[in-house]
Each structure stands twice: as structure tokens, then as C-alpha cells.
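Remarks on the structure that follows.
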Amino acid sequence: MGAMPKAHQSDREPELSTVWLRAFLEVARHGSFTVAARGLGWTQSAVSRQVAALEAALGGGPLFDRLPRGVRLTEAGRVLVPYAETVTEALHGAGRELAALREVAGGRLRFGAFPTADAALVPHALAAFRARHPRVRLSREEGLTPRLLERLAAGHLDLAVVSTTPGAPLESYDLHHLLDESLYVAVPASHPLARSGPVRLGRLADADWISGSPRPEGTLLDAAVRQGFRPRVAHVVGEWTAKQGYVAAGLGVALVPALAAESVRPDVVLLPVLDEGAPARAVYAATARGRTPAPAAEAFVAALREAAGKIPAQ
């Protein structure tokens, strides 16, 4: 194949300064270099230099006919006006949108949260955030921590409310600590321990347990393993409201994180768990490391921290 022909100078896009376009539009609107200079706060010679530079970049033809009093657009000038207006308006629009992002007066926020965070923490934070920043477009996902982190890493979420779920690679993310959750054990209101106050899980070693997994590892029931026994999981139930129903019916007891404690039904009693080990789990707002968070994400982290301070999770 033969060599491709070189592009002629006229085929290339001209490199134009927005300052030149601004000066050109101002002169075109007023029909005068003097009036344009006054409006721009420049000298007349400065305006003339910007227009001359624009004419040179576009091939050297005049954009204005100089008259005894003022100037008039040439045919080339008339052709350029709508293009110059489009460019300058686009830049003004970009500036307005960027300013809205900085002021959290626009833009979007895509976030996710694990289910129990949606019981109280996220709704309280979301209500406060929307009251302060009503023009931010919000989208929410619910999922378990590992899945939310995958979505965050892939760029589908700006922020995720996650917990220290065993096996989740939290070290790969920027973590904003929200709270450390204590644990409760849910028993039916008729249970012998219902009025005993805080308990050690060992007192329930022989109980049937309701859990989201048949194995304690990687779940809240790790706390029981720390206290020296493997709980007998009688029913595997994933959703917290359903777990309460099983507990209320006397089919077993269940561990409940503090974030879900506000939504307990009246025929279920929550007993604080005495555990000298680490807290059940820490809760974080996670953002992708190496990716600058949107101002809306930073504002939502602040709302989450405020909401976390009102939850009795310590």
C-alpha cells in the first residue's frame, strides 16, 4: 500500500484560545472594540490583539470590517459566531456543573449497604443527606459486604457501607469508620433468660440457634466459638424479620447486631452479650482506593457518621 497523503494545513483543526473567542464574541455583540474592551475590563489594544490572533489561527482572513465608527462582521465572522457561542456556552455549562459538584448541589451518588445497615443507619443518614442536598441523584443497592466491595472496585458504586465480614479484602479500600457494633441475643419473651439482663453466650450452649448459615464461621456466631462452643444451628434463615418470627415462635435463639436492634418486635427480647473478645464487627463507609471520591460521597460519609452517633451500638 502506498503512503497516506499528508494532511493539508486547512484540514487540521485550528488550535484556538477561549480568550480569543470571548474577545471576538464581545466585539461582535457590541460592534465596537472600544465598547467590548470596556465590558471586558481590558484595554482596546488587548482586545485587538486577541481578535488578530484568532484571525491568524483561522487562516488570516478578517473577521470584522473596520468602519469609520465601529466594526461589522465579515461573512467569515458571521459563520464563526454560532460556533464560538457553542464553545463558550459549553465551557460555562461545565463550570456550572463542576461548581455544583463541589457544593454538592448536583451530580450523582451511587451507594450500597449491607442489609442490617439498612435497618436504621442508612435511612437516618439518607434522610439528612437528602434534606441538605436535594438535587443530588441517588441510587442505592443492597447486598452482602463481599459483593458490595466487588461493585465498588468495578466502578459501579461510589461508596459502600460494609462490615468486617471475615474474608472480605478491606485492606484494598479506603475505610471511613462509622461504629463498632455490640451483639445481642434474641430470645422469645417467654424464655427463662428474658429478664436476666446481659448474658454470656455459654449459657445458651445447648439452645437451638437461628442463623443465616449452617456454619458459624464467617457469621455473627463466631462470637460463640470464641466462648468455647459450637452452636447448634436448627434453622437457616437469612432475613432478619423472618429470624424474629422463628425466635418469637420458640424455635430457637439468634444473634442480632446493634444496627438491627431498633426494629425488634415486641414478643422478642434482646439481651446484651458479654464478650471479652473483639466487638462483633466494625462498620465502615468504603471508597475505592486511588479513586478521588465525589464531593457527594464525602458529604454522605459525614451524614453516616452523624447517624452512627445516634445508634446505641457501643
Side-chain angles (χ1 to χ4, degrees), residues 112-123 141-150 161-168 170 179-283 311-314:
F114 64 95
T116 41
D118 270 336
L121 175 64
V122 170
E141 295 182 17
E142 182 179 299
L144 300 179
T145 289
R147 175 60 177 160
L148 293 175
L149 293 176
E150 289 175 5
V161 181
V162 299
S163 66
T164 49
T165 302
L170 294 176
L179 55 89
D180 293 318
E181 285 191 285
S182 55
L183 270 184
Y184 296 89
V185 59
V187 300
S190 59
H191 195 279
L193 295 178
R195 292 175 176 78
S196 67
V199 296
R200 297 188 184 279
L201 290 181
R203 296 187 65 183
L204 295 158
D206 296 328
D208 286 338
W209 287 84
I210 317 296
S211 176
S213 169
R215 295 172 56 83
E217 288 81 10
T219 73
L220 294 178
L221 284 175
D222 267 335
V225 177
R226 285 201 305 270
Q227 293 199 14
F229 74 96
R230 290 185 64 83
R232 182 175 64 251
V233 177
H235 301 280
V236 177
V237 180
E239 207 273 321
W240 164 232
T241 325
K243 284 182 182 177
Q244 289 192 71
Y246 275 68
V247 172
L251 296 174
V253 298
L255 282 180
V256 179
L259 284 177
E262 286 190 7
S263 58
V264 66
R265 50 190 283 172
D267 50 359
V268 171
V269 174
L270 297 185
L271 306 174
V273 172
L274 294 173
D275 185 1
E276 286 78 16
R281 58 183 173 181
V283 178
I311 292 175
Q314 301 293 337

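In this text, all values refer to a predicted model and were calculated from it rather than measured experimentally. Just the heavy atoms: all of them, side chains too, but no hydrogens, waters or symmetry mates, feed the values below.
Leu144 places a side-chain heavy atom less than 4.5 Å from the side chain of Pro115. Residues Arg203 and Val185 have side chains not in contact (no heavy-atom distance under 4.5 Å, counting atoms from C-beta outward).
Taken from CG in Leu148 to CD in Glu150, the straight-line distance is 9.5 Å, to the nearest 0.5 Å. Once rounded to the nearest 0.5 Å, the distance linking CG of Leu255 with CG of Leu270 reads 10.5 Å. Rounding to the nearest 0.5 Å gives a distance of 8.0 Å between CG of Leu274 and CD of Gln227. Distance check: Phe229 CZ to Asp206 CG gives 9.0 Å after rounding to the nearest 0.5 Å. If you take CG on Leu259 and CG on Leu179, they are separated by 5.5 Å, rounding to the nearest 0.5 Å. The CG atom of Asp208 sits 6.5 Å away from the NE2 atom of His235 when rounded to the nearest 0.5 Å.
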| said: Run the side chain to side chain contact (heavy atoms under 4.5 Å, CB included) test on Tyr184 and Val264 for me, step by step, so that the C-alpha distance in whole Å, both residues' side-chain angles and the decisive distance to 0.1 Å come before the verdict. | reply: CA-CA 11 Å; Tyr184 296 89; Val264 66; over 6 Å; no
| query | Between Val162 and Leu149, does a side chain to side chain contact (heavy atoms under 4.5 Å, CB included) hold up when you go through it step by step? | reply | CA-CA 8 Å; Val162 299; Leu149 293 176; 4.0 Å; yes
| said: Between Val199 and Val187, is the side chain to side chain contact (heavy atoms under 4.5 Å, CB included) condition met? List the steps. | reply: CA-CA 11 Å; Val199 296; Val187 300; over 6 Å; no
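The shortest heavy-atom contact between Ala242 and Val237 is CB-CG1, 3.5 Å. Nearest heavy atom pair, residue Pro231 against residue Trp209, reads CB-CD1, 3.5 Å. Taking all atoms of both residues into account, the shortest heavy-atom contact from Arg230 to Pro216 is NH2-CD, 3.4 Å. Across all their heavy atoms, Ala189 and Arg195 have their closest contact at O-NH1, 4.1 Å. Ala186 and Val268 get closest at one heavy-atom pair: CB-CG1, 3.8 Å. Between Ala113 and Asp118 the shortest heavy-atom distance is CB-OD1, 3.9 Å.
Checked by atom type and distance alone, the side chain of Glu181 pairs as donor or acceptor with a backbone atom of Ala258 at under 3.5 Å.
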